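This one's a predicted model, so the numbers in the text were calculated from it and none came from an experiment. A, B, ... follow the sequence lines: proteins, then strands. Residue 1 opens every chain. Heavy atoms only: backbone and side chains are in, while hydrogens, waters and symmetry mates are out.
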Amino acid sequence: MDKTKILLAHGSGGRLTHDLITKHLVQSLSNPLLNKLDDAAVFESKGKTAFTTDSYVVNPIFFPGGNIGKLAVCGTVNDLSVMGAIPKYLSLAFIIEEGLDISALEEIIKSIAAAAKEAGVEIVTGDTKVVNTGKADKIFINTAGVGFIPEGLDISGANARPDDAVIVSGTMGDHGIAIMAQREGLNFKTAVESDCAPLNGLITDMLKVCPRIHVMRDPTRGGLATTLNEIAGQSQVGIELNEESIPVKPAVGGACEALGLDPLYVANEGKIIAIMPEKDAPAVLSAMKAHPYGKDSAIIGRVISPNPGRVSIRTPLGALRILDMQSGELLPRIC
Amino acid sequence: MDKTKILLAHGSGGRLTHDLITKHLVQSLSNPLLNKLDDAAVFESKGKTAFTTDSYVVNPIFFPGGNIGKLAVCGTVNDLSVMGAIPKYLSLAFIIEEGLDISALEEIIKSIAAAAKEAGVEIVTGDTKVVNTGKADKIFINTAGVGFIPEGLDISGANARPDDAVIVSGTMGDHGIAIMAQREGLNFKTAVESDCAPLNGLITDMLKVCPRIHVMRDPTRGGLATTLNEIAGQSQVGIELNEESIPVKPAVGGACEALGLDPLYVANEGKIIAIMPEKDAPAVLSAMKAHPYGKDSAIIGRVISPNPGRVSIRTPLGALRILDMQSGELLPRIC
Amino acid sequence: MNFIEEFRSSQSGRTLLEYINKRSTKPARFMEFCGGHTVAIFRYGIRQLLPPHIEMLSGPGCPVCVTSTADLDKVIALSRLPGVIICSFGDLLRVPSSRQSLLEVRAEGADVRIVYSTMDALEIARQNPLKKVIFVGIGFETTAPTIAASVIQARNQGLANYYVMSIHKITPPVMRAILDAGETRLSGIICPGHVSSITGSNAWEFIPEEYHLACAVSGFESLDILYCVKSLVDQVEDATPRLDVSYSRAVKPEGNTAALKIMDEVFDICPANWRGIGILPQSGLCLRPEFAAFDAEKNFEIKLSEPSRETPGCLCGEIIKGTRTPLECKLFSKVCTPENPVGPCMVSSEGTCAAYYHYGGKLG
Amino acid sequence: MNFIEEFRSSQSGRTLLEYINKRSTKPARFMEFCGGHTVAIFRYGIRQLLPPHIEMLSGPGCPVCVTSTADLDKVIALSRLPGVIICSFGDLLRVPSSRQSLLEVRAEGADVRIVYSTMDALEIARQNPLKKVIFVGIGFETTAPTIAASVIQARNQGLANYYVMSIHKITPPVMRAILDAGETRLSGIICPGHVSSITGSNAWEFIPEEYHLACAVSGFESLDILYCVKSLVDQVEDATPRLDVSYSRAVKPEGNTAALKIMDEVFDICPANWRGIGILPQSGLCLRPEFAAFDAEKNFEIKLSEPSRETPGCLCGEIIKGTRTPLECKLFSKVCTPENPVGPCMVSSEGTCAAYYHYGGKLG
Amino acid sequence: MCLAVPAKIISVEDGVAEVDLNGTTYKASLMLTPEAKAGDYVLLHTGYAIQVIDEKDALETLSIFKQMEML
Amino acid sequence: MCLAVPAKIISVEDGVAEVDLNGTTYKASLMLTPEAKAGDYVLLHTGYAIQVIDEKDALETLSIFKQMEML
Ligand code: SF4
Ligand code: SF4
Ligand SMILES: [Mg+2]
Ligand SMILES: [Mg+2]
Ligand SMILES: [Mg+2]
Ligand SMILES: [Mg+2]
Ligand SMILES: [Mg+2]
Ligand SMILES: [Mg+2]
Ligand SMILES: [Mg+2]
Ligand SMILES: [Mg+2]
Ligand SMILES: [Mg+2]
Ligand SMILES: [Mg+2]
C-alpha cells in the first residue's frame, strides 16, 4: 500500500521521513551539498555576506502564477538580491499538515526546483515536520538564504537621500489580488496572475548600469505604501509620490474598487522599489524596462528633506496627502 | 485598549507588525545587524561556512526544561556545532496562530535571547507571520543558522571508520519523555526535564583535545537508534552498541516501560553522538565529562566493517540484535 | 466608458475647481453626510483645493461609527454562544465594544467570519447545518435591502439556521435630528449617493423646503464631488437653496422601487440607538414579526455581563454630529490610532477620525 | 526492588542459559503464545542463546494480528461517520483494513484519537457532549476488563455518548484450535503472563491434561522467560508435562476475581473472527444486552462499500498459527515493511513479522 | 457601508449576473434590480446590483464638464 | 495488548491510585484491584491496576535464581 497522503509518520524522523527526504527532496533538488544530508551544509564563503529568512503561509497554496514553493524561493532570493547580494544557497523547511496529498507536495517541490534553477541558487539544507490535521494549513514553507555582495555596493533601507528618484519595477498589487480571487467567500474572478518571480537577474542588470543605487526593497506584505514608509523611517527622509505615475493593472484597480482596497497596500511578490540619485534614474529605468520582469517600470516619486519618516502622495487634482502604513489586516470592506 | 493577544493584523505587514518587531523583537534581541531591519542582514565571512535550518513545532510550547524558543535556538546551534562550526548568526521566523497570548510570545522571546546569549550567537534577521485560529498550533518557529568552521576539521556523517569509538554525551530520551508527560491524555508525571541546551561550548572543548573527531550528530527526532542508522548509512559502516553502557535515566526508563517505548528512539535536544578514532576516545570522554552538558558521557559502542549501513546492539545477555531506524510515528502502545 | 475613469479626469477636475474658486465668495460650511464622501474628499485631497472660506464638515454617515456600544455588546455576547458562527462585513470587526472587538473574540476562539455579501453568509449556513449562522446586519438604506434579500432567500430555501441581528439605521431621521439641533450652522449638505440610489433623491426634499439649506446628492468620484460642491456654491452664492442631483446616473427621484419593496417586506421601522446622539424614534430597521424565525434578537438569549459603557474621552458623538473635528480630540493619533482605536470613528475605514489620520496628517 | 531490574540481571540470565544449554538434549519446539513474549525474546536476543535444537515459534497472541479484515473494515466505516470520534490504543492505528488504516482515514480528516486508557476516552466523551465517542475495544483478557470497567463508569456517570466497538477475543479457545489442528508438532507452550494474571493459571490446565504438552506461564523480563524455558526444558527432558508458573508474583491459580466479575458483568461470550483461522465459537466478547446502549454495533449503521478482502501473499494467518515463519513470506522486508505493512503481523509492535524485521534481521 | 462600484453585466443566470469591472468579474444578485440585463452597467454593492446606471444621464453630466472646460 | 508494568502505589484517592515507576508516576484506576493499597506494587495496564504483585513470591523466585548461581 503506497502512501498517497502525508502522515504524521513522515515527520517522525524515522524511516518514512528518511524516505521522503531521499526520494522526494534530494532527487528533485539534487546538488552535492544537499546530497550529503549532514546536519548543516558546508561551503566556502568570502566577503560581505547577506542572510535572510521568510516563512510562507499563503492560502491557497496553488494560485495563478505560482504556488507556495515558487513563492518561497523567489521571496528569499529577492530579499537577498535587494541588498545587492548574489543569492547562492537556500535552506528549505516544510511544516506539513497531515493529510496533504503527496502529489501536491511533489508539485510544490517541482516548482521549488524550477525557481531555484532560474535564480541560480541551490537548496543545500532542509527540514520536514508534520503536524496533526487542523494544526497547520496544508503546508507552510520557510526558506533562509545566503548570498554574497560584490565589492563597492552599499544598499540599505537607511540610505535614501533627498532628491533621489523612486522607481518601481512594474504594476502594483498583482500578487495580492491574484491570491484574494482564489479565496472562498470572495466572489470574484480575475485574469490577474501573481507576479511571483526571482528578481536577481533584473537587479544584476540594474547594478551593472548603476552600482550607486541607495535602496532596493521588494514591496511584499503591506504593499508599496508600507514599504516606502519603512524606508522613509529608516532613512529619516520624506518621500513624495505622484499618484498618476504609479503603474496599476486595470483589472487590479477594478478588483480593488469593488473590495474597498487601495492597490498601494496590496502585496507584490515580483516587484522592487529602487531609490538612487536622480541623475542615475534614466539609465536604471531603461535597464529595467529592457528586462522582462521590469518592462512596466516607472519613476513614481522622489525623496525629499521635509517630513522625515513620512510618505506623501500628489493626487491627480494636485493635492498632497499622507500615504500612511497599512493599519490592521487588509480586509475587504463595503463602506 | 492595548492588545493582549496576537491578532491577524500583527502579521499583516502593516504598523502592528512593525510595532511587534520593533517593540518585542528588536528590543529583546538587539544587535547592530538585526536593528537595521533591512531585507537581509549583512556580515563579513571567510572560509568554510556551515548553514542549517530547522522548524520547531513542539507541543506543548512550554515544558519543563525549556520552551519552543529555547529549543529553536539550541537546535540550530547544535546542528552547526556538530559540523565543527562556531555558530555565529541565526535567523528567526515565527508562524503564530491568532489568539496567542502576547505574554507567552514575550516569554518565548526572552528564552530565545537567553539561549542566544549563552551560545554566543546573534539573531540577525527574522520574519513574523500570523495565521487564523485553527490554522497553526499556537506558534511554530524556524531558525536557520550560519557558523564558521575552523581550519583542519573535517566532520561529517560520512566519516565514520571501522574501529572508531562511539560516544554519547549523556542520558537518552530526556527531552521526548519530558514533552510526552505534558501531553493531554497521557496520565503520567515525571521529574525528567528536557535536556534542551546549546552544545557549542561542550563541542569546542572536545575539539580542543581531539580535532580528529570523524562524526558528530545530535540525536533528536528518532533518537539515538535512528541517528546511528543514518550515520551507518552515510559512512557505509556497521555500528555495534553495548546496551548496558547506554545511559538512560531511571525515570525515563520507567516512563518508557509503561508506554511501550524504547528510550533509544526517544528524542534528545541536548545530547550529541561523537565518533572518533578509538585511541582518541579516552581524552575526548574526559573532556566531555568535565563539561556540565557532558557529565554523563559514555562510550557506547564502536564502528565495525561488517553489516555496512546496519546498527546492532549487544544485549545484556550477550546476544547481538539489530537496532533499526524508527518506523512510523512514536506511538505509546499497550501491547 | 466604465463610469469610473471618466469621472476622475484631472482636467475636468481642475476646471471645476477653478469655477468654484472663482464663484465662491461667501464663507460656507458644507457637511458631507456620508462617510464614503469623507474618505473620497480626503483621498482626492479636495479639502486643500477649495477656497479657505469653505469649511467641510463630516456627518453621521458611517454606519459603523454610529453603532452604539450597547448594540455592539450584544453582538459580542452572541459571538460567545456555543455553536454560533457570526458573519459580518470586514468593516465591523475592529470596532471596540465596551470591552472587546469581534477580532479579539475571534482570537479567543469565537467563530467570526468576514463575508463580502449576505450571499456568502447564506452559503456558510448551508454548509454548516449543525451551526447557527448569525449575520450582523449593519448599514443604511444602501445595504439594508441586501440583508432583506438574504432573509427572503433563507425563507424561500427553508434555511432554518440563518439569523440576522439587525442594527440597520435609516438616514433622514438623523439628518433631521442634526439640523434640528442646529449646533453646526450649516450652509449646505452633500447628500449620500448610494443611500439615495435606493431611497431616491426625493427623500432629501425636506432639506431645502423645511430647513432652507443648499443640498445636492453626490457620487464618489472626484468629479462627482467637485460637481456637487459647485452646485452647493452656486446655491449659496445665489441664495437659492434647492435639491440638486449631481449623480443622476445612479440616483433617480423615486430611487429603486424593487429594493424599497423588499426592504419594506422584511423590515419594520423602529427606534435606533445612535452613538453620541442617543435613541431616535423611527430611525432603525428591525425584522417584521413574520420573519421572527430569522431574528437573532428573538432566537438567542443575549446576556450582557455588565452595563455598556462608552469610552471616556472619545468625541465620536460630537464628531458624528459635526460639532467637533478629530483634531479637537485629545486622544487623536496619540492614544487613539487605527491599530488601537478608542472610538468607532477611528476604526471604520470611512470614519472621520480614520480619514483624518490616514490622509489628513499635517505635512511640512 | 522495583520488580523489573531484579528480573533482568545478566548474571542470573547467564546462569539460567548455562543450565538450559546443559540440561537440554532433545530437540524441542516451544511456542510463545503471546506477542509480548515474541518481542521480549527478540529484544533480549534469547533465541540465539538457546541450544540450536530448541526452536521457538510465535503463536496467535497479538490481538492486533488476529483481528480480521472484516472487523477492521467496520472500524474504518465507523470512523467515517459524521460527528464521531474514534478512540483506540496506538497499536491499532497502522493496521491496514481492506483498503486503509485508521492513520490514513485520520489524514483524510476523520477524528481518530490515540488514548492510553479507556479513562482518557471517557474524558473525551465528557468534553465533547455533542460528539459520539467510539472506543475500539481490542485485546485479550488482560485488556477486556479495563474496557468493561469503562462501560460501567459510563453507565454510572450517565455518559450517553460513549460507545464500545468490541473486537475482544479470549485466548483458551484459540490455543485449543491450534493444538487441535496439530500442524505444528509442539513440545511445549509459553503461556501468556498478563492474560493469566486475570484468568488465573488454571485456565491452562487443559494443556498438560488434555494435550500432554509441557507448559509454563511466563513474565516478560529476561529472567522470567529464561526461567520459563528452563521449566519447559525440564518437563521435556523428564517427559513430565505439567503446568508451571514462572511468574507467580503476578499470576495466581484463580486469577483476578474482581476483574473477571466486571468482565463477566459487561461481556457475553460470542463467536469471533480470527485472522487466518476463521470464526471460532465462544472465542470473543460482545456487550451484554443490558449494555446495548453502549454497543457501537447496535447504535450505528455500519455500511461496508465492498466485501472485505485479505491481502494476497500475506502469510499472517499461517504465522499466527505457528506453521510458517516470516522468513518464508515472499513479501517480508521487501514489499512488506513496518512503514508499508501488508499484514497486521508486520504492523503491530508485537507482531511476529515486525519482531523479525526490527530485531531479527540477519547480521554478518 | 455604502461602497458601490459600476460594473457591466456580461451574462445572467438564475437571477445572478456575472459583472465585469476592468477585467475582474463578480457575481451580482439581481434580486434588487430585476430589470437589469446583459450589457447594462449596474452599481455593485455587497454582491447585489443595487441600481442600473443610466448611461444617458452619465453622458449628459460628462458633457456639462466638457462645456465648462471650453469656457 | 498485554503490556503491563509493575508500579508502586503512592496514594489512593476516589479509587484512583498514583503509582510510581522509577520516579515517573501514573494514574491507575483500582476498579479491577479494589484490595490494593498504598505501598503495594501493582501491574499497570492501560491506566488500570490489573493485579497486585506478590512480593513474597517474587523474592522466592529471585532466591531460586541465586541458588542456581551458587551451584
Ligand atoms: S480620535 Fe479616537 S477617541 Fe478621539 S473622537 Fe476619534 S475615535 Fe474617539
Ligand atoms: S511479512 Fe507482511 S505480508 Fe508477509 S506474513 Fe508478515 S505481515 Fe504478512
Ligand atoms: Mg526576509
Ligand atoms: Mg521577504
Ligand atoms: Mg531537521
Ligand atoms: Mg486545514
Ligand atoms: Mg523584502
Ligand atoms: Mg537542521
Ligand atoms: Mg536539528
Ligand atoms: Mg519577512
Ligand atoms: Mg489550536
Ligand atoms: Mg541534527
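We find the CZ-CE distance between Arg14(D) and Met68(F) to be 14.0 Å, quoted to the nearest 0.5 Å. The CD atom of Gln51(F) lies 11.5 Å from the OG1 atom of Thr142(D); values are rounded to the nearest 0.5 Å. In this structure, CG on Leu3(F) lies 11.0 Å from CZ on Phe89(D), to the nearest 0.5 angstrom.
If you measure heavy-atom distances from Leu44(F) to chain D, the contacts under 4.5 Å come from the side chain alone. Proximity to chain F (any heavy atom under 4.5 Å) is restricted, for Tyr19(D), to the side chain, taken from C-beta onward. Contacts of Glu55(F) with chain D are made by both backbone and side-chain atoms, with heavy-atom separations under 4.5 Å. Neither the backbone nor the side chain of Glu141(D) comes within contact range of chain F; no heavy atom of the residue lies under 4.5 Å from a heavy atom of that chain. Using a 4.5 Å cut-off between heavy atoms, Lys56(F) does not touch chain D at all.
In terms of non-hydrogen atom pairs under 4.5 Å with chain F, the most contact-rich of Ile198(D), Thr257(D), Thr118(D) is Thr118(D). Put simply, of Asp54(F), Leu59(F), Val42(F), the one with the most heavy-atom pairs under 4.5 Å next to chain D is Asp54(F). Here Ala149(D) is the residue among Ser246(D), Ala149(D), Ala250(D) with the most heavy-atom pairs under 4.5 Å with chain F. Most heavy-atom pairs under 4.5 Å with chain F: of the set Tyr247(D), Phe220(D), Phe7(D), this distinction falls to Phe7(D). Per-residue heavy-atom pair counts under 4.5 Å with chain D were compared for Val52(F), Thr33(F), Ile64(F), Val5(F), and the maximum is reached by Ile64(F). Most heavy-atom pairs under 4.5 Å with chain F: of the set Thr146(D), Val195(D), Asn256(D), this distinction falls to Thr146(D). Contact tally against chain D (heavy-atom pairs below 4.5 Å) for Ala7(F), Pro6(F), Ser29(F): the top residue is Pro6(F).
Closest approach of Ser197(D) to Ile50(F), counting heavy atoms only: OG-CD1, 3.8 Å. Between Leu62(F) and Met1(D), the shortest heavy-atom contact is CD1-SD, 3.9 Å. Closest approach of Tyr48(F) to Gln153(D), counting heavy atoms only: OH-NE2, 3.1 Å. Met31(F) and Ile262(D) make their closest contact through O-CD1, 3.6 Å (heavy atoms, listed as atom of the first residue, atom of the second, distance). Considering every non-hydrogen atom in both Cys2(F) and His194(D), the closest pair reads O-ND1, 2.7 Å. Nearest heavy-atom pair, Leu32(F) versus Ala258(D), reported as atom, atom and distance to 0.1 Å: O-CB, 3.6 Å.
Side-chain N or O atoms of Ser117(D) include one that pairs as donor or acceptor with a backbone N or O of Thr46(F) at under 3.5 Å.
Other residues, nucleotides and ligands contribute over 12 non-hydrogen atoms within 6.0 Å of the NZ atom of Lys252(D).
For residues 224-233 of chain D, heavy-atom neighbours of chain F at less than 4.5 Å comprise Tyr227(D), Lys230(D), sorted by residue number. Within residues 9-24 of chain F, the residues having any heavy atom less than 4.5 Å from a heavy atom of chain D are, in residue-number order, Leu21(F), Asn22(F).
You'll find the side chain of Ser12(D) reaches within 4.5 Å of the side chain of Glu69(F), heavy atoms only.
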